[in-house]
Number of protein chains: 2
Amino acid sequence: MARTVGSVGAETAKRVLKEALRLFAREGYAAVSMRQIAGKCGLQAGALYNHFPTKQAILNELMVTHLESLLAAYDETPDHASPLDALEAFARFHIAYHIDKPEEVFIAYMELRNLETGNLGPVMKLRQQYERCLRGILRNGVASGDFEIDDVPVTAMAIISMMTGVNTWFRYGGRLSIREIETIYVNMIFALVGKNDQRMGNSTEEERVNV
Amino acid sequence: MARTVGSVGAETAKRVLKEALRLFAREGYAAVSMRQIAGKCGLQAGALYNHFPTKQAILNELMVTHLESLLAAYDETPDHASPLDALEAFARFHIAYHIDKPEEVFIAYMELRNLETGNLGPVMKLRQQYERCLRGILRNGVASGDFEIDDVPVTAMAIISMMTGVNTWFRYGGRLSIREIETIYVNMIFALVGKNDQRMGNSTEEERVNV
DNA sequence: GTCTATAGATGGATAGAC
DNA sequence: GTCTATCCATCTATAGAC
């Protein structure tokens, strides 16, 4: 959006987005100045306006790009015939993707209120589109008799919330590997939808988590 | 903290906190000015400094007060001999309390990064103290053989995240009452810890949630 | 305890030289 | 496409009158 064409300009715009992402995630959109962003890019503040018309445009680009990438990445995930496999795949995908992009995830949630009204709608649409994927899986499982679920929309939100919550405590080099965390969550989610099949064992040490 | 004594002053300070809470929750700490807060209180900006030395002090007071109130309210909750009852009570308490104080909850999580270093430590301690309550319940249940849990700390964080997530979609007048939502979550959480006892039935209509 | 007024800093965004 | 310089608005916090 509003990027200058040409390879050099495109490179600079990418750099701006990258640095703005880090700063917004750490300090919050409102607390970050265009001068700060420019400084991290080795530019003067005025130069940013060759690439983005406003600070708001940078935020919007970050949020839209993140959500579109998330959806695209999930779309590239292999299909699964059984609802159980689809649910496991969704969970593993969600956790791994979110751990991999903590700053994007953080911003996409925390800075919603700083999106101007015109930008908010499309972003919310993308969020809901992703949530609908999980609801579809749950509904299929209910229809096939694989899952026992009181309330599909509530359960979908609960599952997404608990998985996204991993980002608040996960640290690289901690007690559990990403794969182990995925497995713990898959087991919890299976239990949640009425399936007691345990996936292969995982860490038995029960210690404090690296919060 | 740094409140002026005297009944009139205390009333004004409360008013300031109340309006600051609403504004911070809606627009974010960094995006709200002292003038805005003063305006909502029918004051001029300078008058705020009779009650709080800095804007930061207002934020800190809001966060500390919220977490202390949360812990105090949970402490007043009746004790339960069985881990299952304790877990249900914790879940119902958490959901109802969080739905009742959405702005406090929102700020206590979102504005952590805007707390100055000296203020962050005590706030994090309070958060962890609350999380420890749930871990204690889970450990008791594992010890008594009531619960089957892969990883207590991870499960505790998952449960807290899924419950707190209710605040992102709950709206008064929506499809489900608070009590119904509590029950759905209690059932999910029971399944999560390996107990299949269902609590009394709840809404059967399976429709979209009022997100 | 609140007011007006203001200091002093910093913000987003623009203009024009190169 | 980036620079310097700057406009103008707004910010936190303070000073002093009442």
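Within every chain, numbering begins at 1; the chains are lettered A, B, ... in the order of the sequence lines, protein sequences first and strands thereafter.
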Engineer: Should the pair B:Arg175-B:Glu180 be classified as a salt bridge under the 4.0 Å nitrogen-to-oxygen rule?
Structural biologist: no
Engineer: Consider the side chain of B:Leu43, meaning its heavy atoms from C-beta on, and name the nucleotide among D:dG1, C:dC3, D:dC3 that approaches it most closely.
Structural biologist: C:dC3
Engineer: Among residues at least two apart in sequence or on other chains, which ones pass side-chain hydrogen bond (donor to acceptor under 3.5 Å, both in side chains) with B:Arg15?
Structural biologist: B:Glu19
Engineer: Are side-chain heavy atoms of A:Met188 and B:Val154 found at a separation under 4.5 Å?
Structural biologist: yes
Engineer: Heavy atoms, side chains only, cut-off 4.5 Å: are A:Gln56 and A:Asn119 in contact?
Structural biologist: yes
Engineer: Please check if atom CG in B:Asp75 has more than 12 non-hydrogen atoms from other residues, nucleotides or ligands closer than 6.0 Å.
Structural biologist: yes
Engineer: Mark up nucleotides 11-17 of chain C, 5' to 3', with B wherever a protein heavy atom is under 4.0 angstrom from a base atom, S wherever such an atom reaches only the sugar-phosphate, and - elsewhere.
Structural biologist: BBBB---
Engineer: How many whole angstroms separate atom CD1 of A:Ile37 from atom P of C:dT10?
Structural biologist: 17 Å
Engineer: Atom CD of A:Gln44 and atom P of D:dC3: how far apart are they, to the nearest Å?
Structural biologist: 5 Å
